[in-house]
K.L.:
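Take this structure, written in structure tokens, and hold onto it; I'll ask about it next.
Being a predicted model, the structure only gives us computed values, none of them experimental.
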Amino acid sequence: MSGTPSNPVVRVASIPHDQIYIRHLEAVDSSGAGVFRLPDPPPVDGVRSAQSGWWPPAMLSADWVRANHDSFDLMHVHFGFDAADPAHLRELVAELRHFGKPLVYTVHDLVNPHQPDPAAHVELLDVLIPHADKLITLTAGAAREIRRRWGAEAQVLPHPHVVDFGTMDRIRAARRKKAATGIKGGMKRIGVHLKGLRPNMDTAILDPLARAVARLPSAVLQVNIHSQPLDPASDEYRPALAGKLHDGANLGLWELRSHEYFSEPELFDYLASLDACVLPYRFGTHSGWLEAALDVGTPVVAPDCGHYADQDPSVARFRTTPTGADEESLLNAIREVLRAEDLPGLDAEGRRRQRLEIARAHRELYDLLLDRTPAAR
């Protein structure tokens, strides 16, 4: 992406780069924002994660900044600092300051969904949030929480689309065509996906959710989970949960589907097959899964923890208690989204416009930090 002498390309050390949220911060076409995000370098130990080619992130170190400071203008941290400690991050910040490199941090997670104890993540936020030159977050609720806890202001920029525009157009058009036929009724498929059982997954939601769905006319609960927790040969085998899931399926409480990690097309088709997607989270902040569901026109039912319900006005919220999800509020939330006449979320054209606005907002923010705009000067 080219720039002009008065508006040069901004070189961003993005942590990471090869992640769908970050890729969709780019402008849609060559008329975009003049930002070049450095490719993810190989991990320091040369071993890439099985799930991600950028993990662990090599850029997240004072040594990398010292060796590569001439190759970037600013650093933008998103994900990937889970394994760091506060001292490591303080060294990184000090090296950025030494070379005059601004730090931008997008606060995706105020609570780490992969860590049952929030304390370690908070210690890292206590370094990143006060020392960032600019903060971004995805929802107004998260911005308020950042202001309350750290006295810092965060610019709110929404999560960009997850599903590609062609797939979005195809799936949403098919759903609109089906609705236009005027056919009412039919079996409603309510889906909950336990994925690989990361710590914020609430398996206790199954019983109240099954009871709630049983109270709906012509509705079925579909429970998806990755294969490993149900496989006695796997190190991730969960015998008690496996027994519960199989017993519930045999009793007709839900349909059980286990599978390997979805590819993106498989994920999008799965979400499009649902009439409502229930997020089974005990804690967390924001969700890309939620955005993907909305992209394909599937309404979302989310817990009242975190800021999931702030991501889109269509999201219906259910109440969580110390013992788990509340059955009545689950039932009411599912009824609410099933009553909606329009597809939730933005269509592909709306997402295109939103993506351009997000790309421009990032470029303007970078220019201000680098003193490249009249407003900054």
Side-chain angles (χ1 to χ4, degrees), residues 113 116 185-227 229-230 238-259 262 267 270-294 296-309 311-312 314-340 344:
M187 187 66 68
K188 299 296 183 183
R189 186 161 294 274
I190 315 303
V192 63
H193 202 311
L194 301 175
K195 307 181 195 176
L197 297 175
R198 68 187 186 188
N200 77 329
M201 288 290 174
D202 181 18
T203 58
I205 197 175
L206 292 171
D207 289 333
L209 180 56
R211 291 193 297 267
V213 173
R215 294 166 64 185
L216 295 167
S218 302
V220 62
L221 174 60
Q222 178 179 320
V223 179
N224 281 56
I225 188 170
H226 292 157
S227 303
L230 305 189
R238 297 276 292 273
L241 177 63
K244 179 181 181 64
L245 288 172
H246 287 302
D247 288 346
N250 292 335
L251 291 169
L253 301 178
W254 49 69
E255 293 181 5
L256 177 62
R257 301 189 185 183
S258 65
H259 50 81
F262 280 145
L267 171 61
Y270 157 73
L271 290 171
S273 73
L274 303 177
D275 294 288
C277 175
V278 179
L279 302 185
Y281 302 152
R282 295 188 298 124
F283 55 85
T285 311
H286 300 118
S287 169
W289 188 277
L290 178 155
E291 298 287 344
L294 296 181
V296 297
T298 298
V300 174
V301 173
D304 58 3
C305 59
H307 300 285
Y308 303 113
Q311 287 182 240
D312 190 86
S314 69
V315 177
R317 190 188 320 236
F318 66 86
R319 188 166 62 87
T320 55
T321 72
T323 57
D326 175 73
E327 180 182 334
E328 288 300 321
S329 65
L330 262 173
L331 178 61
N332 291 335
I334 296 169
R335 282 174 171 162
E336 178 184 334
V337 299
L338 293 181
R339 282 196 299 265

K.L.:
Holding to ring-ring contact (aromatic ring centres under 6.0 Å, His included), I want the full list of residues that pass it with Trp289, two or more places apart in sequence or in another chain.
P.N.:
His193

K.L.:
Identify, with sequence neighbours excluded, every residue that meets salt bridge (Lys or Arg N to Asp or Glu O under 4.0 Å) alongside Arg198.
P.N.:
none

K.L.:
Using a 3.5 Å distance criterion without hydrogens, assess whether the side chain of Asp202 forms a donor-acceptor pair with backbone atoms of Pro280.
P.N.:
no

K.L.:
Looking at OH of Tyr308 and CG of Leu290, how far apart are the two atoms once the value is rounded to the nearest 0.5 Å?
P.N.:
9.5 Å

K.L.:
Please confirm whether the backbone N or O of Cys305 pairs with a side-chain atom of Arg282, one donor and one acceptor, at under 3.5 Å?
P.N.:
no

K.L.:
Counting only N and O atoms by type, is there a donor-acceptor contact under 3.5 Å from the side chain of Ser329 to the main-chain atoms of Arg319?
P.N.:
yes

K.L.:
When you measure from the side chain of Thr298 to the backbone N and O of Leu271, does any donor-acceptor pair fall under 3.5 Å?
P.N.:
yes

K.L.:
Would you say Asp304 and Thr320 are linked by a side-chain donor-acceptor pair, where the criterion is simply a distance under 3.5 Å?
P.N.:
yes

K.L.:
Can you name the residues that form a salt bridge (Lys or Arg N to Asp or Glu O under 4.0 Å) with Asp312, not counting sequence neighbours?
P.N.:
none

K.L.:
Quick one: closest heavy-atom pair of Leu230 and Ser258, and the distance?
P.N.:
CD1-CB, 3.7 Å

K.L.:
Name the one of Val278, Leu274, Leu294 that satisfies side-chain contact (heavy atoms from CB on, under 4.5 Å) with Val300?
P.N.:
Leu294

K.L.:
Can Arg317 and Glu336 be said to form a salt bridge (Lys or Arg N to Asp or Glu O under 4.0 Å), step by step?
P.N.:
CA-CA 10 Å; Arg317 190 188 320 236; Glu336 178 184 334; over 6 Å; no

K.L.:
Once salt bridge (charged side-chain N to carboxylate O under 4.0 Å, His left out) is applied, what residue pairs with a partner in residues 243-252 remain, sequence neighbours excluded?
P.N.:
Asp207-Lys244

K.L.:
For Phe318, what residues pass the ring-ring contact (aromatic ring centres under 6.0 Å, His included) criterion, not counting sequence neighbours?
P.N.:
none

K.L.:
Closer than 3.5 angstrom, by distance alone: can the side chain of Ser227 be matched with the main-chain N or O of His259 as a donor-acceptor pair?
P.N.:
yes

K.L.:
What residues, two or more places apart in sequence or in another chain, satisfy side-chain hydrogen bond (donor to acceptor under 3.5 Å, both in side chains) together with Gln311?
P.N.:
Glu291

